[in-house]
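Let me begin by presenting the structure, written as structure tokens, before commenting on it.
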Amino acid sequence: MTLRIATWNINSLRLRLPRLADLIAALAPDVICLQETKVPDDLFPAAEIAALGFPHIAHRGMKGYNGVAILARRPIAALAGFPDWCGKGDCRHLAVRLEAAGGPLDLHNFYVPAGGDIPDRDANPKFAHKLDFIAEARDFFARVPARRRTVLVGDLNIAPLENDVWSHRQLLGVVSHTPPETAGLNAWAATGFIDAVRHFVPAEEKHFTWWSYRNRDWRASDRGRRLDHIWVTPDLVPALQAETTLKDARDWPLASDHVPVAVTLDL
DNA sequence: ATGGTGGATGTTCCA
């Protein structure tokens, strides 16, 4: 069986519900992980999403900011027992178990703090929060030494490789590509994950998933970053079939500043 | 060095 998992920072689920239908039409995913839903749980548009073919939903939202959701065509079971990351009560993580050929598969959906503008943990509490968050995530995942059948996706808000940003040299001091962030993200991944997108796209190629709203012509200037990621445990690498980064979504009407990313697993 | 845009909110915060 094939399982296609998509991740997208939708930047307001209620505003961009029509774009969710576009994503489904374009990628035909089995599971969709969303970040920045910006919708409290009691206002979650579950019926509308069920009507799009995704009746199985896990969501965790709050008013105005953050918020994550996992939408599935087939049943999912929410997983519990995770930290309240950094003790903030934020809605930045959800995990579910999917039934799949060969046994269940765990799926984590993360929205890592953006980290503010100043890349200094003493001057900027948001940057400290970001570094602490990824360190706590690293420590949590390190507790299981040989994790299996696990997929981790999300807006991780860090572009770890030189070609994950439009200019490595110019972004070394910009939050999302600074050495403490990329080292922190690499340490998290090193607890037992493979970068599934770079499995398909050579590290020598520039590859982005986000382009700022503040560029007049995002495609021409192409000052992008790869902030959205899909990781899999090594036992799933032989199942990796394909990767799609839906760059055209950046030109959709009322676009998000992030585009959807998907991988297909043949399980 | 600066400011540029967008979403949710409410007279500003977050990205």
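Chain identifiers are assigned alphabetically (A, B, ...) following the order of the sequence lines, protein sequences preceding nucleic acid strands; residue numbering begins at 1 within each chain.
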query: Taking the six-membered ring of A/Trp166 as reference, does the NZ or CZ atom of A/Arg223 fall below 6.0 Å from its centre and within a 45° cone about the axis?
result: yes
Can you tell me the distance, in whole Å, between the [atom1] atom of [X] and the [atom2] atom of [N]?
X: A/Leu15; N: B/dA8; atom1: CG; atom2: C1'; result: 10 Å
X: A/Leu13; N: B/dG6; atom1: CG; atom2: P; result: 20 Å
X: A/Trp211; N: B/dG6; atom1: CH2; atom2: C1'; result: 17 Å
X: A/Trp252; N: B/dG6; atom1: CH2; atom2: C1'; result: 18 Å
X: A/Ile10; N: B/dA8; atom1: CD1; atom2: P; result: 11 Å
X: A/Asn11; N: B/dT5; atom1: CG; atom2: P; result: 16 Å
X: A/Ile118; N: B/dT2; atom1: CD1; atom2: C1'; result: 15 Å
X: A/Arg216; N: B/dG3; atom1: CZ; atom2: C1'; result: 10 Å

Determine the Euclidean distance between corresponding [atom1] atoms of [M] and [N]; express it in Å to zero decimal places.
N: B/dT9; M: B/dC13; atom1: C1'; value: 8 Å
N: B/dG4; M: B/dA15; atom1: C1'; value: 14 Å
N: B/dC14; M: B/dG10; atom1: P; value: 13 Å

query: Are there more than 12 heavy atoms of other residues, nucleotides or ligands under 6.0 Å from atom CZ of A/Arg74?
result: no
With distance as the sole criterion, is a donor-acceptor pair present between the side chains of [X] and [Y] under 3.5 Å?
X: A/Asp195; Y: A/His229; value: no
X: A/Gln35; Y: A/Thr7; value: yes
X: A/Trp218; Y: A/Asp251; value: yes
X: A/His207; Y: A/Thr245; value: yes

Output field: ring centroids A/Trp231/A/Phe110 closer than 6.0 Å: no
Measure all distances between protein nitrogen or oxygen atoms and nitrogen or oxygen atoms of nucleotides 13-15 of chain B, and list the pairs falling under 3.5 Å.
unit_1: B/dC14; atom_1: OP2; unit_2: A/Lys126; atom_2: NZ; d: 3.4
unit_1: B/dA15; atom_1: N6; unit_2: A/Arg214; atom_2: NH2; d: 2.5
unit_1: B/dA15; atom_1: N1; unit_2: A/Arg214; atom_2: NH2; d: 2.9

statement: Which of B/dG4, B/dA8, B/dT9 is nearest the side chain of A/Ser12? It is B/dA8
- prompt: Which part of the nucleic acid, if any, lies within reach of A/Arg16 when heavy atoms closer than 4.0 Å are counted: base, sugar-phosphate only, or nothing?
  reply: sugar-phosphate
